[in-house]
Participant: 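Before I ask anything, here is the structure I am working with.
Since this is a predicted model, take the numbers as computed values, not measurements.
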Amino acid sequence: MAFKIESLVVGPFMQNCRLIYDSQTREGIVTDPGDEASRILALCAELRLSIRAIVLTHGHIDHAAAAHSLSQSLNCKVYGPLKEDAFLIEDLTRQARFFHLPAPEELGPELNYLTADETFEPVRGLKLEVLSTPGHTPGSVCLYCEAESFVLVGDVLFLESVGRTDFEQGSYSALENSILEKLYTLPEDTAVLTGHGPDTTIGHELDYNPYVNRNTR
């Protein structure tokens, strides 16, 4: 693989933040920085990375709380999710109050929403296909990299589980459709980089996921 992936588990929700970077140029991205900006910055410095973008899969606070702080420290823009998550991502303070957490700095002009089905290339050679995968949130995206055979799924799919749909504007039927139509159509050896817990593969979930699998429908 030309690109390497480092993972950090951050914050009280134990969220998987990723650093994805070119092993030669050291250019990369940060995905879903939900907390602990200082730890993320320290790892970027340790790995001698030049971060070109911060990318969010959806608008929940445990995936986005450190985005503004990092964008200022790293002098880069924030991308994603879809505009349908604006009600979440543009009001992180309300989410913080709900979970009794310190209010993060709100995202401003550095935020650029993604568009469904576009191919996004935040770093040269890292082509990410933006898959619209509503259900956990209405604007949730999964980011598929065919060349590196991985998909960042946020909280859509987990190891033998699926994302919650009991939050604001969640929908189980939409989530099920997203998994069946956007994720389970990918090659079975595709690595599934989850938002929480262990990673998995498309093939494993097709066989062993008790909620959505080969026999669903």
Participant: Would you check if there is a donor-acceptor pair between the side chains of Asn16 and Ser7 at a distance under 3.5 Å?
Facilitator: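 No, because no side-chain N or O of Ser7 sits under 3.5 Å from a partner of the opposite role on Asn16.
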Participant: With rounding to the nearest 0.5 angstrom, report the CD to CG distance, Gln169 to Asp85.
Facilitator: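 One gets 8.5 Å once the value is rounded to the nearest 0.5 Å.
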Participant: Do Val10 and Arg39 pass the side chain to side chain contact (heavy atoms under 4.5 Å, CB included) test, and can you show the C-alpha distance, the side-chain angles, and the key distance before you say yes or no?
Facilitator: CA-CA 9 Å; Val10 299; Arg39 277 187 64 214; 3.9 Å; yes
Participant: Looking at Ile40, Thr31, Val9, which hits side chain to side chain contact (heavy atoms under 4.5 Å, CB included) with Cys17?
Facilitator: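 That would be Ile40; it is the only one of Ile40, Thr31, Val9 passing the side chain to side chain contact (heavy atoms under 4.5 Å, CB included) with Cys17.
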Participant: Could you check whether the rings of His204 and Tyr208 sit parallel, tilted or perpendicular, using 30° and 60° as the cut-offs?
Facilitator: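 Tilted.
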Participant: Please list, chain by chain and in numerical order, all residues satisfying side chain to side chain contact (heavy atoms under 4.5 Å, CB included) with Ser71, sequence neighbours excluded.
Facilitator: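 Expected list: Ile54, His68, Val78, Glu110.
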Participant: Are Leu131 and Leu114 linked, directly or through other ILVMFWY residues, by side chains that come within less than 4.5 angstrom of each other?
Facilitator: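 No, Leu131 does not connect to Leu114 through the hydrophobic network.
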Participant: State whether the number of non-hydrogen atoms from other residues, nucleotides or ligands found under 6.0 Å of Tyr211 atom OH is greater than 12.
Facilitator: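 It does not: Tyr211 OH has 12 such atoms or fewer within range.
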Participant: Is it the case that atom CG in Asp166 sees more than 12 heavy atoms from other parts of the structure closer than 6.0 Å?
Facilitator: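 More than 12 within 6.0 Å, yes.
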Participant: For the pair Asp117 and Val130, evaluate side chain to side chain contact (heavy atoms under 4.5 Å, CB included) and give the outcome as yes or no after the intermediate values.
Facilitator: CA-CA 5 Å; Asp117 302 320; Val130 179; over 6 Å; no
Participant: Please round to the nearest 0.5 Å and tell me the distance separating atom CD1 of Ile89 and atom NE2 of His58.
Facilitator: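 Those atoms lie 9.5 Å apart.
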Participant: Is Leu175 reachable from Leu183 through a run of hydrophobic residues whose side-chain heavy atoms are each under 4.5 Å from the next?
Facilitator: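 Cluster IDs for Leu183 and Leu175 match.
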Participant: Return a table of donor-acceptor pairs under 3.5 angstrom between the side chains of residues 186-195 and protein atoms on other chains or two or more places apart.
Facilitator:
residue: Glu188; atom: OE1; partner: Arg214; partner atom: NH2; Å: 2.9
residue: Glu188; atom: OE2; partner: Arg214; partner atom: NH1; Å: 3.1
residue: Glu188; atom: OE2; partner: Arg214; partner atom: NH2; Å: 3.3
residue: Thr190; atom: OG1; partner: Pro187; partner atom: O; Å: 2.8
residue: Thr194; atom: OG1; partner: His196; partner atom: O; Å: 3.1
residue: Thr194; atom: OG1; partner: Gly197; partner atom: O; Å: 3.3
residue: Thr194; atom: OG1; partner: Pro198; partner atom: O; Å: 3.1

Participant: Atom NZ of Lys4 and atom CD of Gln24: how far apart are they, to the nearest 0.5 Å?
Facilitator: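 The CD atom of Gln24 is 8.5 Å from NZ of Lys4, to the nearest 0.5 Å.
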Participant: Surrounding CZ of Phe98 (heavy atoms of other residues, nucleotides or ligands, distance under 6.0 Å), is the total greater than 12?
Facilitator: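 No, not enclosed.
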Participant: Do Glu36 and Leu8 have side chains that approach each other closer than 4.5 Å (heavy atoms only, starting at C-beta)?
Facilitator: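 SC-SC contact between Glu36 and Leu8 ruled out.
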Participant: Stepwise, does the salt bridge (charged side-chain N to carboxylate O under 4.0 Å, His left out) test hold for Lys127 with Glu148?
Facilitator: CA-CA 9 Å; Lys127 295 183 179 180; Glu148 301 289 327; over 6 Å; no
Participant: Please determine, by modelled atom types, if His63 and Asp155 share a side-chain donor-acceptor pair under 3.5 angstrom.
Facilitator: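 Note: His63 and Asp155 side chains meet the donor-acceptor criterion.
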Participant: Is the shortest heavy-atom distance from the side chain of Lys182 to the side chain of Glu129 under 4.5 Å?
Facilitator: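 No. Closest side-chain heavy atoms not under 4.5 Å.
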Participant: Please report the shortest heavy-atom distance between Pro81 and Gly59, naming the atom on each side.
Facilitator: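 For Pro81 versus Gly59, the nearest heavy atoms are CG-N, 4.0 Å.
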Participant: If we only count heavy atoms from C-beta on, is the His136 to Thr165 side-chain gap below 4.5 Å?
Facilitator: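 Not in contact.
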Participant: Please determine whether a side-chain nitrogen of the Lys or Arg among Arg52 and Asp22 lies less than 4.0 Å from a carboxylate oxygen of the Asp or Glu.
Facilitator: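 The answer is no: the pair does not qualify as a salt bridge.
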Participant: Between Tyr184 and Val153, is there a shared hydrophobic cluster once you connect ILVMFWY residues whose side-chain heavy atoms come closer than 4.5 Å?
Facilitator: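 Same cluster.
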Participant: Can any side-chain N or O of Glu176 pair as donor or acceptor with the backbone N or O of Leu180 at less than 3.5 Å?
Facilitator: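 Not at all, since once roles are kept as given, no pair shorter than 3.5 Å links the two residues.
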Participant: Looking only at side-chain N and O atoms, does Glu205 offer a donor or acceptor that is under 3.5 Å from a partner on Thr200?
Facilitator: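 Note: Thr200 and Glu205 side chains meet the donor-acceptor criterion.
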Participant: How far does CG of Asp207 sit from CD of Glu160, to the nearest 0.5 angstrom?
Facilitator: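 Those atoms lie 10.0 Å apart.
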Participant: Going by heavy atoms in the side chains, are Ser178 and Pro134 under 4.5 Å from each other?
Facilitator: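 Ser178 reaches Pro134 side chain to side chain.
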Participant: Taking all heavy atoms of Gly135 and all of Ala174, pick out the closest pair and write down the distance.
Facilitator: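 Gly135 and Ala174 have their closest heavy atoms at CA-CB, 3.9 Å.
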Participant: On a heavy-atom basis, which atom in Pro104 and which in Leu92 lie closest, and how many Å separate them?
Facilitator: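 Heavy-atom minimum between the residues: CG-CB, 3.7 Å.
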Participant: Examine Leu107 and Ile61 and state if one hydrophobic cluster contains both, with Ile, Leu, Val, Met, Phe, Trp and Tyr joined whenever side-chain heavy atoms are less than 4.5 Å apart.
Facilitator: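 No, Leu107 does not connect to Ile61 through the hydrophobic network.
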Participant: So, does Asp32 use its side chain to make a donor-acceptor pair with the main chain of Thr57 at under 3.5 Å?
Facilitator: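 Answer holds: yes.
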Participant: Answer with yes or no whether the hydrophobic clustering places Ile5 together with Val123; edges join I, L, V, M, F, W, Y residues whose side-chain heavy atoms lie under 4.5 Å apart.
Facilitator: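 Yes.
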Participant: Can you tell me if CD on Glu118 sees more than 12 non-hydrogen neighbours from other groups inside 6.0 Å?
Facilitator: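 More than 12 within 6.0 Å, yes.
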Participant: Does a side-chain heavy-atom distance below 4.5 Å link Leu157 with Asn209?
Facilitator: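 They are in side-chain contact.
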Participant: CD of Glu106: more than 12 outside heavy atoms within 6.0 angstrom?
Facilitator: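 Check passes, neighbour count above 12.
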Participant: May I ask you to test the Gln95-His60 pair for a side-chain heavy-atom distance under 4.5 Å?
Facilitator: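 The answer is yes; the side chains approach within 4.5 Å.
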Participant: Any side-chain heavy atom of Leu143 sitting closer than 4.5 Å to one from Val55?
Facilitator: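 In short, these two side chains touch, coming nearer than 4.5 Å.
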Participant: Shortest non-hydrogen contact from Leu47 to Glu6?
Facilitator: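 Between these two residues, the closest heavy atoms are CD1-CG, 3.6 Å.
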Participant: With side chain to side chain contact (heavy atoms under 4.5 Å, CB included) as the test, pick out the partner of Val156 among Thr133, Val162, Val151, Thr137.
Facilitator: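 The residue from Thr133, Val162, Val151, Thr137 that satisfies side chain to side chain contact (heavy atoms under 4.5 Å, CB included) with Val156 turns out to be Thr133.
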Participant: Are Pro33 and Leu56 close enough that some pair of their side-chain heavy atoms sits under 4.5 Å apart?
Facilitator: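 Yes, close enough: below the 4.5 Å cut-off.
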Participant: Where the side chain of Arg26 meets the backbone of Ser23, is there a donor-acceptor pair that is under 3.5 Å apart?
Facilitator: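 Pair found, side chain donor or acceptor close to backbone of Ser23.
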Participant: Could you give the distance from OG1 (Thr119) to CD (Glu146), rounded to the nearest 0.5 Å?
Facilitator: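 CD of Glu146 is found 9.5 Å from OG1 of Thr119.
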Participant: Applying side chain to side chain contact (heavy atoms under 4.5 Å, CB included) to Phe13 and Phe99, what does each step give before you reach the verdict?
Facilitator: CA-CA 11 Å; Phe13 296 99; Phe99 290 108; 3.7 Å; yes
Participant: Could you grab the distance from atom CG of Leu49 to atom CD1 of Ile51, nearest 0.5 Å is fine?
Facilitator: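 Leu49 CG to Ile51 CD1: 5.0 Å, rounded to 0.5 Å.
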Participant: Among Val141, Leu128, Ile29, Thr115, whose side chain to side chain contact (heavy atoms under 4.5 Å, CB included) with Phe120 holds?
Facilitator: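 Running side chain to side chain contact (heavy atoms under 4.5 Å, CB included) over Val141, Leu128, Ile29, Thr115 with Phe120 returns exactly one hit, Leu128.
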Participant: Apart from Phe158 itself, what residues make up its hydrophobic cluster when side-chain heavy atoms of I, L, V, M, F, W and Y under 4.5 Å apart count as a link, directly or indirectly?
Facilitator: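 So far as hydrophobic clustering goes, Phe158 is joined with none.
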Participant: Take Leu152 and Arg18, measure what side chain to side chain contact (heavy atoms under 4.5 Å, CB included) needs, and give me the verdict at the end.
Facilitator: CA-CA 9 Å; Leu152 284 154; Arg18 317 278 181 167; 3.9 Å; yes
